[in-house]
Amino acid sequence: MPRPLLLIVDGESLRTPGLVSAMEADGWDVQWIRREGTGAFLEAGQDPDLLILDAAASGAEGDLVRRLREQNPRLPVLVLVEGPGVGDPSGSGVQEYLERTL
């Protein structure tokens with residue numbers, strides 16, 4: 001059975017390498033692209049199971065989400081934003097969602 005594909009579109013985040021490692025360890029096939037690589041990803045015709053966007057990476061993401069949702073209207077899209085510090089429970093929903101998808 002193929003591993004689910006997680007696509008991460010990120011600008012210059014320092015968190016992404018850690019997220020990639022953690023998700024791969026949890027059984028995901030992870031593809032990390034910068035916003036400039038969205039066109040090439042679309043041309044490759046891949047269909048991710050989950051899309052994570054860094055809110056700081058603005059630009060072609062709107063077109064990417066639209067085109068991916070044309071292929072899969074139920075594609076989950078998570079947007080990472082800078083939030084309050086460590087210990088804030090507001091980020092727990094994302095972790096719980098990722099765990100349920102396995």
Practice item. Rounded to the nearest 0.5 Å, what's the gap from CG on Leu42 to CD1 on Ile33? Could you check? Key: 7.5 Å

Review point. Going by heavy atoms in the side chains, are Asp63 and Thr38 under 4.5 Å from each other?
Key: no

Study note, to complete from the structure: For Glu24, the side-chain contact (heavy atoms from CB on, under 4.5 Å) test, sequence neighbours excluded, returns Arg3, Val20, Val30

**Study point:** Over all atoms of both residues, closest heavy-atom pair of Arg69 and Leu75
**Key:** NH2-O, 2.8 Å

Exercise for review: Just jot down the side-chain contact (heavy atoms from CB on, under 4.5 Å) partners of Gln71, sequence neighbours excluded, or say none.
Suggested key: Asp47, Leu68

Point to revise | Test side chain to side chain donor-acceptor pair (under 3.5 Å) applied to Glu43 - qualifying residues, sequence neighbours left out | key: none

Review point. Quick one: does Leu7's side chain get under 4.5 Å of Gln46's, heavy atoms only?
Key: no

Revision key, fill the gap. Exactly one of Ile8, Asn72, Leu5, Leu64 clears side chain to side chain contact (heavy atoms under 4.5 Å, CB included) with Leu51, and that residue is Leu64

Study note, to complete from the structure: On a heavy-atom basis, the closest approach of Gly27 and Pro4 is O-CD, 3.6 Å

Check your understanding: Should Leu50 and Trp28 count as side-chain neighbours, where that means a heavy-atom distance under 4.5 Å?
Key -> yes

